[in-house]
Number of protein chains: 2
Amino acid sequence: MVDRTSGLPAYRQVADDLRARIASGELAPGDRLPSERQMVDTYGVSRPTVRDAVNLLRTEGLVIAEHGRGVFVRRATSVMRLARLSRSAREAGRGAFLGDAAAAGFTPSVEVQVTFEPADARMAELLGVAVGTELCVRDRVMDADGVTVQLAVSRFPRSVTKGTAMEQPDSGPGGTHSRLEEGGHQLDRFTEAVGARMPTPHESSVLQLSPGVPVLTVTRVAFTVDGRAVEVNDIVMSADRFSLAYEIPAT
Amino acid sequence: MVDRTSGLPAYRQVADDLRARIASGELAPGDRLPSERQMVDTYGVSRPTVRDAVNLLRTEGLVIAEHGRGVFVRRATSVMRLARLSRSAREAGRGAFLGDAAAAGFTPSVEVQVTFEPADARMAELLGVAVGTELCVRDRVMDADGVTVQLAVSRFPRSVTKGTAMEQPDSGPGGTHSRLEEGGHQLDRFTEAVGARMPTPHESSVLQLSPGVPVLTVTRVAFTVDGRAVEVNDIVMSADRFSLAYEIPAT
DNA sequence: AAACGCAACTGGTCAATACCAGTTGCGGGG
DNA sequence: CCCCGCAACTGGTATTGACCAGTTGCGTTT
């Protein structure tokens, strides 16, 4: 029963109570919450108010609503830990994603679409080329165990991809990085900028995200030994299925 | 005006329209959206429906509501790019955060609280010690230009901190890492695990997060040259104010 | 001219109600 | 016995109506 004199909004009181019951373990992961109509009785508030409370917990990522079934306490999701870019995997004949995912014990697959477009301001900046320079765009949808878990869009100046398998959906054994090195563009280092944000509606549906789950974004730029940027890879992945592992020397 | 025959829920149609007007620039960052009551007229729906639409955009982080003023298109927030752990900064007499933030052009300050507690299962695992081992806990609240931007909790086995300035709020010049090396614990490498999630209510208020903004989480473990983990640092920061920059050799 | 205070806005909260749309289980018919 | 279909649940969408609570600006008062 909510306290109408406390000053705290009723829906917050309901949300706080549910949150506390989840934290205490009374409502364990996978458990179903009382139905909205039951809570209307137990808390003495209207259904919209109950829904406001449940929606709060949903945006906090604590619970998941399933139409026709109920609202459930979210299960702790096992995260894939992605180690960043081991050359060993590339030399074993796999691209970066395939190597990472296989190492994490998943069976991955990738769907690729290749297009061409002129460089916008951001790409020009990152690749160090003029705006309008023609780029080869590899748009990739990556699945693990059948579900889409990662979106990645790589862009290369077409000067480094022309006449190579990089302009084909199947870029060949070892992926695009192997093709780059074969073309004399010896890779020296990558920079990664990691961020997080809420997904766009499109990302939300493709990645099958529950409401309240953010995405991790990685912008990876590949540089050759002569300091030239040859690839910008924009990666988006579900934050509740991934964490990124980095190792940094103290030197 | 919404289309009642399209099958798409009315509140989604309103949200889609607003989202499109924001994307097109018709509603620019900082602009005020029409008031809820105005939208009731223009779209021909009830106010709760309008609110559902606006709430969707809020959880997407596109707009911010201000009580009594209106709903505003979110301004592009300038993100601080944090380079991970340069020794040069540490040797210049600053801790990692102070070095990073100063490099990004902010005037940082840190508030520290030191406590002691036994290791739980996770800490025991990460630090390679027995559950219950006494730890020194440094709980830090980091401000930049006056606003709290980062929370960090470092835990050390007390065996490495006993009798050092690490058990004082002011750990001295160069921060705890300098104290560790003075104590013969020469740092060799760090591992960082980066994730993202929605903030807890506490984090949300301390970090002054707008609704719909996730937090980036970093768990950094420091290892000495003899392979021993001596520090676990749990860092939480606002994802709309930070991105993390890593550099990875291709070797 | 300055300061106060009161509209007239804004979003925030809440109620009562209705119907739509998935899911599930049980009972009756094949 | 199996299967189909219908209740009886679940959450999803939407309405109308009301009042509370910040903010702002414009008048009036001092």
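Below, each value reflects all heavy atoms present in this structure, side chains not excepted, and no hydrogens, waters or symmetry copies. The chains referred to below are lettered A, B, ... by the order of the sequence lines, with proteins before strands, and numbering in each begins at 1. All figures in this text were calculated on a predicted structure; none of them were measured in a lab.
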**OP:** Mind running side-chain contact (heavy atoms from CB on, under 4.5 Å) on B:Leu151 and B:Arg140 for me, showing each step along the way?
**Re:** CA-CA 6 Å; B:Leu151 306 176; B:Arg140 312 195 302 293; over 6 Å; no
Original post:
At their closest point, which heavy atom of A:Pro29 faces which heavy atom of A:Arg75, and how far apart are they?
Top reply: CB-CA, 4.0 Å
Original post:
Under 3.5 Å, is there a donor-acceptor pair linking the side chains of A:Glu247 and B:Thr191?
Top reply: no
Original post:
Does the side chain of B:Val63 reach to within under 4.5 Å of the side chain of B:Arg74, using non-hydrogen atoms?
Top reply: no
Subject >> Distance-minimising heavy-atom pair for B:Arg21 and B:Tyr43 >> reply: NH1-OH, 3.3 Å
**OP:** Taking only Lys NZ, Arg NE, NH1 and NH2, and the carboxylate oxygens of Asp or Glu, determine whether A:Glu231 and A:Arg220 approach each other closer than 4.0 Å.
**Re:** no
Subject >> Interatomic distance where CG belongs to B:Asp52 and C1' belongs to C:dG11 [whole Å] >> reply: 14 Å
Original post:
What residues in residues 10-18 of chain B put a non-hydrogen atom under 4.0 Å from any atom of DNA chain D?
Top reply: B:Ala10, B:Tyr11
Original post:
Any side-chain N or O of A:Gln38 less than 4.0 Å from the OP1 or OP2 oxygen of D:dC9?
Top reply: no
**OP:** Rounded to the nearest angstrom, tell me the gap between atom CZ in B:Arg47 and atom C1' in C:dT13.
**Re:** 9 Å
**OP:** Measure from CZ on A:Phe72 to C1' on C:dT24 and round the result to the nearest Å.
**Re:** 11 Å
Original post:
Atom CG of A:Leu8 to atom C1' of C:dC14: distance rounded to whole Å?
Top reply: 14 Å
Original post:
In whole angstroms, how far is the C1' atom of C:dT10 from the CG atom of B:Leu33?
Top reply: 13 Å
Subject >> side-chain N/O A:Ser46 vs C:dC14 OP1/OP2, d < 4.0 Å >> reply: no
**OP:** Please state how far atom CZ in B:Arg51 lies from atom P in D:dG17, giving the value in whole angstrom units.
**Re:** 18 Å
**OP:** For B:Arg37 and for B:Val45, find the nucleotide of DNA chain D with the closest heavy atom, then tell me which residue's nucleotide is more 5'.
**Re:** B:Val45
**OP:** Take atom CE of A:Met1 and atom P of C:dC14, then tell me their distance rounded to the nearest Å.
**Re:** 15 Å
Original post:
Is the closest side-chain heavy-atom distance between B:Asp143 and B:Val110 below 4.5 Å?
Top reply: no
**OP:** Indicate, with a heavy-atom threshold strictly under 4.0 Å, whether A:Thr49 touches base, sugar-phosphate, or nothing.
**Re:** sugar-phosphate
Original post:
With a 4.0 Å cut-off on heavy atoms, is A:Pro48 in touch with a base, just the backbone sugar-phosphate, or nothing at all?
Top reply: base
**OP:** Side-chain contact test, heavy atoms from C-beta onward, threshold under 4.5 Å: evaluate it for B:Val14 versus B:Val2 and give yes or no.
**Re:** yes
Original post:
Does any residue of residues 54-70 of chain A have a heavy atom under 4.0 Å from DNA chain D, and if so, which ones, in number order?
Top reply: A:Arg58, A:Ala65, A:Glu66, A:His67, A:Gly68, A:Arg69, A:Gly70
**OP:** For atom CD of B:Glu117, decide whether the heavy atoms of other residues, nucleotides or ligands shown that lie under 6.0 angstrom number more than 12.
**Re:** yes
Subject >> Interatomic distance where CZ belongs to B:Arg4 and P belongs to D:dA14 [whole Å] >> reply: 6 Å
